[in-house]
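Because the structure is predicted, anything quoted here is derived from the model rather than measured.
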Amino acid sequence: MRTVIPRTWRSAATLAAAAAALGLFGAAPAQASPGPVPALSGAEKALLGSDAPKAVVLDPATGAVLSVRALPRTPEPGIGTHNYCNSGDGCFLSGRVPYAHQGFYGSAGTSRGNWPYRSGYNTGRYTASACWVQACAQRALPPNTRADFGGTLVTGTSFRIH
């Protein structure tokens, strides 16, 4: 009696034999061991346990901490921005559809950007100033002040909460 092997199995067997002959399913090359993990210094251990800004290097194979170094302290972000204006936000006002008002909130700081077609700005609950392509406000305006550009539309470039 003759055994019949389906054609799809024959082609799969042929591919497997060819792959084995070419070594496509061979073992992966051995990875070199990085050697013993160096111990952290006393200063590195203290820094790692602190809340100071730091960067660590981890061993990718084990997850062990290999080194620790201090990073400079950066100030917390002062000013935030979004493309709408909440009550109390400083606000660069859009003078053309479909451009949105640009709202500013938070603490002292300057947000820089490119906001075309601005008709003016509100200071909201902040003492604030703004710049546009042609100029900057010559002074910070007190809270709850609306400044406009006399019907001219400008491209805003920065908004500062003082």
Nearest 0.5 Å, what's the CG-CH2 distance between Asn83 and Trp115? 11.5 Å
I need the full list of disulfide (SG to SG under 2.5 Å) pairs touching residues 123-162, with sequence neighbours left out, sorted by first then second residue. Cys131-Cys136
Starting at CZ of Arg112, measure out to OG1 of Thr81 and round the result to the nearest 0.5 Å. 13.0 Å
Sequence-distant partners of Ala52, side chain to side chain contact (heavy atoms under 4.5 Å, CB included), two or more places apart: Leu47, Ser50, Arg73
Main-chain N/O of Pro142 paired to Thr123 side chain as donor or acceptor, under 3.5 Å: yes
Could you state whether Leu153 and Tyr121 fall into the same hydrophobic cluster, counting links through intermediate Ile, Leu, Val, Met, Phe, Trp or Tyr residues with side-chain heavy atoms under 4.5 angstrom apart? no
If you compare all heavy atoms of Ala130 against all heavy atoms of Phe159, which two are closest, and at what distance to 0.1 Å? CB-CD1, 4.2 Å
Tabulate below the donor-acceptor pairs under 3.5 Å that side-chain atoms of residues 85-97 make, not counting sequence neighbours, or state none.
residue : atom : partner : partner atom : Å
Asp89   : OD2  : His82   : NE2          : 2.8
Asp89   : OD2  : Asn86   : N            : 2.9
Ser94   : OG   : Arg96   : N            : 3.3
Ser94   : OG   : Arg96   : O            : 2.9
Ser94   : OG   : Tyr99   : O            : 2.8
Arg96   : NH1  : Tyr117  : OH           : 3.4

Between Val65 and Leu58, is there a side-chain heavy-atom distance shorter than 4.5 Å? yes
For the CH2 atom of Trp132 and the CZ atom of Arg118, what is their distance to the nearest 0.5 Å? 13.5 Å
Taking all non-hydrogen atoms of both residues, which atom of Leu141 and which atom of Ala147 are closest, and how far apart? CD1-CB, 3.8 Å
Got Val56 and Ser67 here, is their nearest side-chain heavy-atom distance under 4.5 Å? no
List for me each residue that meets side chain to side chain contact (heavy atoms under 4.5 Å, CB included) alongside Ala46, sequence neighbours excluded, and say none if there are none. none
Is Asp59 reaching over with its side chain to a backbone N or O of Ala61, donor-acceptor style, under 3.5 angstrom? yes
Considering only residues two or more places apart or on different chains, which pairs with a residue in residues 140-162 satisfy side-chain hydrogen bond (donor to acceptor under 3.5 Å, both in side chains)? Ser129-His162
Not counting sequence neighbours, which residues clear ring pair (Phe, Tyr, Trp, His ring centres under 6.0 Å) with Tyr126? List them please. none
Looking at Lys45 and Leu40, what are the two nearest heavy atoms and their distance? CE-O, 3.4 Å
